[in-house]
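Every number for a ligand or one of its atoms is a count from 1 in the order of the listing. Residue indices begin at 1 and follow the sequence shown.
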Amino acid sequence: MSVSLPERLRARWRDWQFQRRQSAILPRPVPADWADWQRAFPALPARLPQARRRAEAEHARLCAQYPALSQWPAGLPDVISADSLTLLWLADGHLRPWMTPDWWTLQAGAPDAMLATLDVGTKNAAVMPGWATFLAAQAAQMAATVLQLDAIELDAGRRYRDGRRRVDYGQALMTWCQSLLSATGVSAAQTRYLAGDVLAHTGRHALITWLMPFVFARPHQRWGLPDRHFQPRAMAAHVLSLLAPGGLLLCVHLNELEADAQAAHWQACELPHRLLSCAVVEDPWLYPGSRRVVTVLQRLA
Ligand SMILES: C[S@@+](CC[C@H](N)C(=O)[O-])C[C@H]1O[C@@H](n2cnc3c(N)ncnc32)[C@H](O)[C@@H]1O
């Protein structure tokens, strides 16, 4: 298919901008006071009273179940809290039911075992406080296990309105997650924000989260990413290969159209796997009233 000149110029421009962002030096430490983080992030849109009541009720339920939630910094920007609460809520409802005692024995049974987790396309690691809170509640199941929390992002150099980058905030959030895990009794935890392409990442992970992957070219381009990085089928196969046998993948899509397109990519994967569950959800925090699709897959061998 021939590509028009304006399309080609736009692609070149995206590519150039992307390269410029990634090569940016001068990392700036993020503010030590959480309240000052507000300057970097937009406020959440106002919610209708009914949606607010639902979000409050779900928050209270999660607080009762996940004590580490009470340790989240008071000044954490609302958009970061919303991302994290959403992941905690999704993991609690859709992943936890599959993390049976047998599953734990397989993944974290050996005394010197390492339980690795990965968040793909993590942006600024905003979901990681929620993820660490979820894992902290499972500490009893992984008494002697070293926990490795990784989060990877291709466009880590993108800047916020205060001039700091995703990687700057992401690293600070990962460090905070590490201290949360140590404070909640996980015997050993390492956390890393990885700036790079997941297609170049290796390892075996017991748990992978992949929220809102780009399945169609247009959103990928609007996000400002070069065309060469739009490889949804290769990404699906590679992300599956990053799971340990028996490992679980939680994947969330914007809508049913994207979930269906992704399902075709899963079907094309050669590695044996099975779809454990697929459900339409209404997220209480980020996009109340929307219909996201949450899928859980397991690698079989
Ligand atoms: C729609 S955003 C979702 C961000 C975040 N997971 C969320 O739910 O808010 C998709 C993210 O995946 C990242 N991404 C795309 N291709 C990637 C790749 N090959 N490796 C790592 N990250 C990638 C993009 O840069 C972008 O931040």
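Of all the heavy atoms of His229, none lies under 4.0 Å from any atom of ligand 1, so neither backbone nor side chain is involved.
Applying the 4.0 Å criterion to heavy atoms of Leu211 picks out, from ligand 1, the atoms 3 (C), 5 (C), 6 (N), 8 (O). Heavy-atom proximity to Leu225, at under 4.0 Å, picks out these atoms of ligand 1: 15 (C), 24 (C), 25 (O). Those atoms of ligand 1 with a heavy atom of Gly196 less than 4.0 angstrom away are 20 (N), 21 (C). Interface of Asp197 with ligand 1, defined as ligand atoms under 4.0 Å from a residue heavy atom, comprises 18 (C), 19 (N), 20 (N).
Classification of the Phe134-Tyr66 ring pair by plane angle, with boundaries at 30° and 60°, yields tilted.
A salt bridge does not link Arg28 with Asp162: none of the charged nitrogens is closer than 4.0 Å to a carboxylate oxygen. Using a 4.0 Å cut-off between charged nitrogen and carboxylate oxygen, Arg12 and Asp15 do not count as a salt-bridge pair. A salt bridge links Glu153 to Arg166: one of the charged nitrogens lies within less than 4.0 Å of a carboxylate oxygen.
Among all non-hydrogen protein atoms, the one lying nearest atom 26 (C) of ligand 1 is Trp223 NE1, 3.4 Å. From the protein, the heavy atom lying nearest to atom 21 (C) of ligand 1 is Leu154 N, 3.3 Å. Closest to atom 9 (O) of ligand 1, if we only count protein heavy atoms, is Lys123 NZ, 2.9 Å. When only non-hydrogen protein atoms are considered, atom 6 (N) of ligand 1 lies nearest to Gly121 O, 2.7 Å. The protein atom (non-hydrogen) at minimum distance from atom 24 (C) of ligand 1 is Glu153 OE2, 3.4 Å.
With Trp16 as the aromatic partner, Arg20 meets the cation-pi criteria of under 6.0 angstrom to the ring centre and within 45 degrees of the ring axis.
Ligand 1 lies nowhere less than 4.0 angstrom from a heavy atom belonging to Ala126. Note on ligand 1: His220 sits outside its first shell, no heavy atom being nearer than 4.0 Å. Ligand 1 lies within reach of Arg166, whose nearest heavy atom is under 4.0 Å from it.
For the side chain to side chain donor-acceptor pair (under 3.5 Å) test with Trp131, the passing option among Thr209, Asp119, Thr117 is Thr117; the others fail. The one candidate from Arg218, Arg14, Arg10 that meets the salt bridge (charged side-chain N to carboxylate O under 4.0 Å, His left out) condition with Asp227 is Arg14.
Identified under the salt bridge (charged side-chain N to carboxylate O under 4.0 Å, His left out) test for residues 192-201, with sequence neighbours left out: Asp150-Arg192.
Of the polar atoms of Thr122, none of the N or O atoms is found under 3.5 Å from an N or O of ligand 1, judged by distance alone. Looking at ligand 1, you won't find any N or O of Phe214 less than 3.5 Å from one of its N or O atoms. The shortest N/O to N/O separation between Val198 and ligand 1 falls below 3.5 Å.
Side-chain contact between Glu258 and Gln262 is absent, with no heavy atoms from C-beta onward closer than 4.5 Å. Residues Val215 and His220 form no side-chain contact, since every pair of their non-hydrogen atoms from C-beta on lies 4.5 Å or further apart.
The residue from Met212, His201, Arg292, His253 that puts a heavy atom closest to atom 10 (C) of ligand 1 is Met212.
Hydrophobic clustering, with ILVMFWY side chains joined whenever heavy atoms are under 4.5 angstrom apart, keeps Met212 apart from Val280.
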